[in-house]
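Okay, structure first, notes after.
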Amino acid sequence: MDALAHREINCSGLRRLIGAAFVARLVGVSLLLGALSASAQAVHPTESQVKAAYLYNFGKFVTWQMDRGAGSTLDICVLGKDPFGPVLDSTVSGESIDGHPIAVKRLVAIQDGSHCSILFIGSSEEGRLTSILPFTQSYGILTVSDMPHFAERGGVIGFVSIEDKIRFEVNRSAAEQSHLTLSSELLKVASSVIEQSSNGRRP
Amino acid sequence: MIKSPARSLSTKLTLMSVLVSGVALLLACTGFFIYDQVTFRQSLVHTLSAQAQIIGSNSVSAVLFNDAQSATNTLAALKNSPNIDLAGILTADRVPFAKYSRDGEQAFVNLRTLSDTQIEGYWFGRIHVILLRKIIWQGKLVGYVYIRADLIEIDQRLRRYGLISLAVLLVSLTFALLFSSAFSRTIARPIVGLAQTARRVTLNRDYSVTVAPTRQGDELDGLIDSFNEMLKEIQLRENELQKAHRELEQRVAERTRDLVAANRELEAFSYSVSHDLRGPLDVVNGFTYMLLKNYAGQLDANAKESLQSIRAAAKRMSELIDDLLNLSRLSTSTMHREEIDLSAMAQAIMEELRRDAPGRQVEFVAPPNIQANADTRLMRILMDNLLRNAWKYTSHHDHARIEFGSEVKNGRTVYFVKDDGSGFDQRAADRLFQPFQRLHSAAEFSGNGIGLATVRRIIQRHGGEVWAEGVVEQGATFYFTVTPLPSTR
């Protein structure tokens, strides 16, 4: 078994050497497929790599009410300070969800984000949350952020760090208000699921 | 000795049916067992596959969001399947991600690879079966489910199956033994009865017995019926035969009695005649002798010659009477048969003949040690007659050859006396052995025609046959046989 495992590694190593164009994709795939485990052989992914992969994976467990036209893209938008850099683009490049190719958009203002399906709100926007969330709710956008207590403050999914691992909290009420259906699978792996509607309770 | 075939037939039948049913059962058990093993393995794999599928689809999010705890919780549901001792989820890079272990910490062993087209694979080991299934979600490989189940249940099944088979086999064989011994008895008993009766019939020649029919209407019944009918038929024939036999014996006894009486009368008659004839003959003989002796001077030559003729005739008549007396005695004297050497006897007679006529040139041929079981005195008379005959009928030849010998014809010994003398016409052969019948005139060869009659009488008393072959002027051969054993009737 060890021999087999080693062969797998060698394969991975070989592929990495083939071309720089593949490198990013390879990292993405290994993130996607859970190579995040603390195994010595895997490349230790960075926090932003993990978050980028999660961001994409969330899309697979969410059903939107909005009707995207056939062939149109599924947009992952970033508002405020972008923590990902090129990582997010490389992670989702060539991927699709339910037949919709994924596109990464960076917003200057929330008003430009009506076409977004998933919106990552940078921590720089913490102060403007009360104006952002009503917008996203009205457009049925899945909001994700790594700012503290994001889910409790009315966001749908908030990244948290537990025991040096990146987990996430889910606010079901917020999802409902955004007319999003979250898969039970997603709820199952959430570190906590918040039922309260706290829109605007916390500034 | 009578019982052993009975037991063997019944035993054979019993053994046969027990063997047949045993083999059939064994084959059936083996077939069922193999079928059971195959289906059990199939259903085991099926179950494991279904479990792997459920675990796989329930672990997709856990793998994607790196939630090993969630995956472990999912795996923990396998506690309800006690035969699964090790299970786990591996990432797409085959890195262990979550694990369930029934009996403490264990590593994933025998982790094999699946080809690109293969979704699932399983491997049977000696004590484990390992199933590996890909987790495919939205067309992508997410990870693997690994399940290992122990085969203790197969072992247990095997043991249970073996025990049940053994029990079934034993019970079935016992029943087969009981039934078949009962059945075989119903088949064997009539045959055995038949065999015993047949043996009794052959041993005791008792055809009055019958075999009890089985009344089962089968071939055996038919056989017994036929056998009984055959016995009845034989009995009937036997009775007729015995009746005919008795009648025959009675008739023979009557005839014999008549014959014996007639013979005795005849012998008494011939004896008295011979004896009574001798008296007057002695008178004739005595007085002619006196005449020749006392009155020789007074008689002329003519008268002397007449007297001589009378004397010669009287002498011949006396000899004739002697022979007749001898012949009649032959019939009445008691016989004592023993092994005798005919060759030596023939040689002795020939020497006697040569002494009486020393001038004759006769070659005598006889191989030594020709044996016969016969009465010595009678055989001496017989050989004397035959050799004397040969001697007599070769007297016209300057050089004669007489042969005595024996040969085996049709399984019996035939003795013969052969000469190259005057012989006889074969057409007259039957008359040779009649008393007083002569083929040659007395002038040619002396004799009274009693000799060969005597020969025939002696041979008759020995239960044999006598016959002659001859060609005129080329010789004659006289053959005779005696029954080989005195005890034979």
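Only a predicted model underlies this, so the values are computations on that prediction, with no experimental measurement involved.
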Query raised in the report: Would you say Gln118(B) has more than 12 foreign heavy atoms packed within less than 6.0 Å of its CD?
Result: yes
Query raised in the report: Side chain, backbone, both or neither: which part of Ser61(B) has an atom under 4.5 Å from a heavy atom of chain A?
Result: both
Query raised in the report: Should we count CZ of Arg172(A) as having more than 12 external heavy atoms under 6.0 Å?
Result: no
Query raised in the report: Does a sphere of radius 6.0 Å around CD in Gln138(B) hold more than 12 heavy atoms from other residues, nucleotides or ligands, not counting ones at 6.0 Å or beyond?
Result: yes
Query raised in the report: Which value, rounded to the nearest 0.5 Å, describes the distance between Ser191(A) atom OG and Gln69(B) atom CD?
Result: 13.0 Å
Query raised in the report: More than 12 non-hydrogen atoms from neighbouring residues, nucleotides or ligands closer than 6.0 Å to CG on Leu169(B), yes or no?
Result: yes
Report task. Report yes if some heavy atom in the side chain of Thr74(B) is under 4.5 Å from a heavy atom in the side chain of Lys188(A); otherwise report no. Result -> yes
Requested in this report: Give a yes or no on whether Asp98(A) atom CG has more than 12 heavy-atom contacts from other residues, nucleotides or ligands under 6.0 Å away.
Outcome: no
Query raised in the report: Counting only heavy atoms not in Tyr122(B), do more than 12 fall under 6.0 Å of its OH?
Result: no
Query raised in the report: Salt bridge check: are Arg167(A) and Asp67(B) linked by an N-O gap of less than 4.0 Å?
Result: yes
Query raised in the report: Just wondering, more than 12 heavy atoms not from Phe32(B) lying within 6.0 Å of its CZ?
Result: no
Query raised in the report: Do any of residues 42-58 of chain B come closer than 4.5 Å to chain A, heavy atom to heavy atom, and if so which ones, in number order?
Result: Ser57(B), Asn58(B)
Requested in this report: With Leu64(B) as reference, evaluate Tyr54(A), Tyr56(A), Phe58(A), Phe61(A) under the side chain to side chain contact (heavy atoms under 4.5 Å, CB included) test and give the passing residue.
Outcome: Phe61(A)
Query raised in the report: If you round to the nearest 0.5 Å, how far is CZ of Phe65(B) from CD of Glu185(A)?
Result: 10.0 Å
